[in-house]
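Comments concern the structure below.
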Amino acid sequence: MIQIANEFLTVTLSPQGAELQSVKGAVSGLEYLWQADPKVWGRHAPVLFPFVGRSKNDQYTYQGKTYPMGQHGFARDRQFEVESQTDTAVTFLLKSDEESLKIYPFEFELRVFYQVNDMHLKVGYDVKNTAQSGPMYFSVGGHPGFKVPLTDDTQFEDYFLDYRPQKSRVKIPLQGAFINLNERTLAPTDVATDINHPLFKDDALIYELKGQENKFSIRSEKTDHAISLKVSGAPFIGVWSPYPTEGELVCLEPWWGIADDVDASGELSEKFGVNQLAPGEVFNASYEITVK
């Protein structure tokens, strides 16, 4: 395990999946991150790459060949190397190799970096197409799970989602594991949403962000402790908690990519929301977690 810290936060990470393991208040000792109960959800904050969400039939086609691909890609299950580290920051690196090329025919470097600053934790992704020729198609995203309730004297239902800016957003419904673009609706995210387990009976709540700056917060009127996730440039965000299994967590997931549409062809270059990089190009994305 690797730790980065300042006088406000202590953050623990693992090179396995470049995954957050703990986000604690340095003075209070309060844990903000979900602690991966395998009976509920056995992860903390997986890195989603090179796919976000599920592909139809757990496969995709590129240049006439079909490849297998599990939900959210493979990076979360791979060992990263520690490329650089200071007291307050760390960068993890994953490169394409013989095994990855069997299921994802692109040469790449994926860097995942974390940096603490006051009560903020910045999380970033750099994706580079290291091939000599040909485009690279990919998605990337975060899936941090936050501990709800945050304190022993509050309950799951004491919390609510607060959206900034306060405006309506387009909501993309799921049909099983896949999005249904034809059924998009306008969601009332101009007001707060009470958190409860039935809220997630149809899986994740998915909103279009259109690349603008957005902040989603988990708050309660019964405690001053809260969690916020701010992101600019992400086209989508998912909000998820396990159902019908009732876990004490809520995930706020900024996505640069999304699951297949119910009408998807399966051809990678036609995938809705997919990113494209020319040889040598680098894609940059980041978000910020703030705790109180």
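Note that the structure is a prediction, hence the values are computed from the model and not measured. Only this structure's heavy atoms are used, side chains among them; waters, hydrogens and symmetry mates stay out.
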Stepwise side-chain contact (heavy atoms from CB on, under 4.5 Å) check, Asp162 with Phe160: CA-CA 6 Å; Asp162 180 71; Phe160 58 89; 4.1 Å; yes

Intermediate values then yes/no, side-chain contact (heavy atoms from CB on, under 4.5 Å), Thr130 and Lys95: CA-CA 9 Å; Thr130 57; Lys95 298 180 181 180; over 6 Å; no

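- Rounded to the nearest 0.5 angstrom, Ile4 CD1 and Gln85 CD are separated by 8.5 Å.
- Listed for the Tyr104 side chain is no donor-acceptor partner under 3.5 Å among the backbone atoms of Phe51.
- Between Arg78 and Glu99, no side-chain nitrogen of the basic residue sits less than 4.0 Å from a carboxylate oxygen of the acidic one, so the salt-bridge criterion is not met.
- The line from CG of Asp263 to CD of Gln175 is 8.5 Å long, rounded to the nearest 0.5 Å.
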CA sep, side-chain torsions, deciding dist, call: Ile2, Thr12, side-chain contact (heavy atoms from CB on, under 4.5 Å): CA-CA 6 Å; Ile2 290 170; Thr12 305; over 6 Å; no

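- Clustering of Ile, Leu, Val, Met, Phe, Trp and Tyr side chains at separations under 4.5 Å places Val170 together with Leu186.
- Within the model, atoms OG1 of Thr88 and CD of Gln115 stand 5.5 Å from one another, a figure rounded to the nearest 0.5 Å.
- Here the closest non-hydrogen pair linking Phe156 and Asn196 is CE2-C, 3.7 Å.
- Both Ile237 and Val47 sit in one connected hydrophobic cluster of ILVMFWY residues. Membership requires side-chain heavy atoms under 4.5 Å apart, directly or through other members.
- Cluster membership for Ile218 and Val123, using ILVMFWY side-chain heavy atoms within less than 4.5 angstrom, is shared.
- Between Leu205 and Phe200, some side-chain heavy-atom pair lies under the 4.5 Å cut-off.
- With hydrogens and angles disregarded, no donor-acceptor distance shorter than 3.5 Å links the side chain of Thr223 to the backbone of Ser220.
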Kindly list each side-chain donor-acceptor pair under 3.5 angstrom involving residues 13-20, sequence neighbours excluded, with atom names and distances?
unit_1, atom_1, unit_2, atom_2, d
Ser14, OG, Gln16, N, 3.0
Gln16, NE2, Asp77, O, 3.1
Glu19, OE2, His44, N, 2.7
Glu19, OE2, Ala45, N, 2.8

side-chain contact (heavy atoms from CB on, under 4.5 Å) evaluation trace for Leu161 with Ile195: CA-CA 7 Å; Leu161 289 168; Ile195 292 175; 4.0 Å; yes

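- The 12-atom threshold is exceeded at NZ of Lys167, counting heavy atoms of other residues, nucleotides or ligands nearer than 6.0 Å.
- In this structure, Trp34 is not a member of the same hydrophobic cluster as Leu9, with clusters built from ILVMFWY side-chain heavy atoms closer than 4.5 Å.
- Note that CD of Glu248 and NZ of Lys147 are 7.5 Å apart. Values are rounded to the nearest 0.5 Å.
- Using a 4.5 Å cut-off on side-chain heavy atoms (C-beta onward), Met69 and Phe74 make contact.
- In this structure, the side chain of Ser241 engages the main chain of Leu249 through a donor-acceptor pair within 3.5 Å.
- Side-chain contact between Ser22 and Val11 is absent, with no heavy atoms from C-beta onward closer than 4.5 Å.
- Members clustered with Leu93: none, using a 4.5 Å side-chain heavy-atom cutoff among hydrophobic residues.
- Judged purely by atom type and a 3.5 angstrom limit, Ser232 has no side-chain atom pairing as donor or acceptor with the backbone of Gln212.
- Screening His197, His143, His72 for a ring-ring contact (aromatic ring centres under 6.0 Å, His included) with Trp240, the sole residue that qualifies is His143.
- Using the six-membered ring where Trp is involved, Phe106 and Tyr62 have ring planes that are tilted, between 30° and 60° apart.
- Counting only distance, with no hydrogens or angles, the side chain of Lys56 and the backbone of Ala264 share a donor-acceptor pair below 3.5 Å.
- Shown here for Met136 and Lys128, the closest heavy-atom pair between the two residues is SD-O, 4.1 Å.
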For residues 271-287, which side-chain N or O atoms pair as donor and acceptor with protein atoms under 3.5 Å away, sequence neighbours left out?
unit_1, atom_1, unit_2, atom_2, d
Lys271, NZ, Ile258, O, 3.1
Lys271, NZ, Asp260, OD1, 2.7
Asn275, ND2, Phe138, O, 3.2
Asn275, ND2, Trp256, O, 2.9
Glu281, OE1, Ala278, N, 3.0
Asn284, ND2, Asp126, OD1, 2.7

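- In this structure the side chain of Leu209 never reaches within 4.5 angstrom of the side chain of Trp255, judged on heavy atoms.
- Going from atom CD1 of Ile179 over to atom CD1 of Ile206 covers 7.0 Å, rounded to the nearest 0.5 Å.
- The list of ring-ring contact (aromatic ring centres under 6.0 Å, His included) pairs with a residue in residues 12-32, not counting sequence neighbours, is empty.
- Under a 3.5 Å cut-off, the side chain of Ser217 and the backbone N or O of Arg219 do not form any donor-acceptor pair.
- In this structure a side-chain-to-backbone donor-acceptor pair under 3.5 Å is present from Glu31 to Val23.
- Checked by atom type and distance alone, the side chain of Asn129 pairs as donor or acceptor with a backbone atom of Gly134 at under 3.5 Å.
- Thr290 contributes atom OG1, which lies 9.0 Å from atom CE of Met119 (distance to the nearest 0.5 angstrom).
- Considering all non-hydrogen atoms of both residues, Asp261 and Asn180 come closest at OD1-CA, 3.6 Å.
- Both Val116 and Tyr114 are part of a single hydrophobic cluster, where members link through side-chain heavy atoms under 4.5 Å apart.
- Using a distance-only test at 3.5 Å, with no hydrogens or angles considered, no donor-acceptor pair links the side chain of Arg43 to the main chain of Trp41.
- With contacts defined as side-chain heavy-atom distances shorter than 4.5 Å, the pair Val291/Phe8 does not qualify.
- When the shell of 6.0 Å around CG of Asp97 is examined, it contains more than 12 heavy atoms from other residues, nucleotides or ligands.
- Between Phe108 and Leu94, some side-chain heavy-atom pair lies under the 4.5 Å cut-off.
- Cluster membership check: Leu252 shares its hydrophobic cluster with Leu199, using side-chain heavy-atom separations under 4.5 Å among Ile, Leu, Val, Met, Phe, Trp and Tyr.
- With hydrogens and angles ignored, the 3.5 Å screen pairs no side-chain donor or acceptor of Lys201 with any backbone N or O of Pro244.
- Residue Pro254 comes nearest to Leu229 through the heavy atom pair CD-CD1, 4.0 Å, listed as atom of the first residue, atom of the second, then distance.
- The side-chain heavy atoms of Phe236 and Glu253, taken from C-beta on, include no pair separated by under 4.5 Å.
- Counting all heavy atoms, side chain and backbone alike, Gly141 lies closest to Val52 at N-CG2, 4.0 Å.
- The distance between the ring centers of Phe113 and Phe92 does not fall below 6.0 angstrom.
- Within 6.0 Å of CG in Asp118 there are more than 12 heavy atoms belonging to other residues, nucleotides or ligands.
- A 4.5 Å side-chain heavy-atom check between Glu109 and Arg111 finds at least one atom pair inside the cut-off.
- Every residue meeting the ring pair (Phe, Tyr, Trp, His ring centres under 6.0 Å) condition with Tyr67, not counting sequence neighbours, appears here in chain and number order: Tyr60.
- In terms of heavy atoms, Pro50 sits closest to Gly73 at CD-CA, 4.0 Å.
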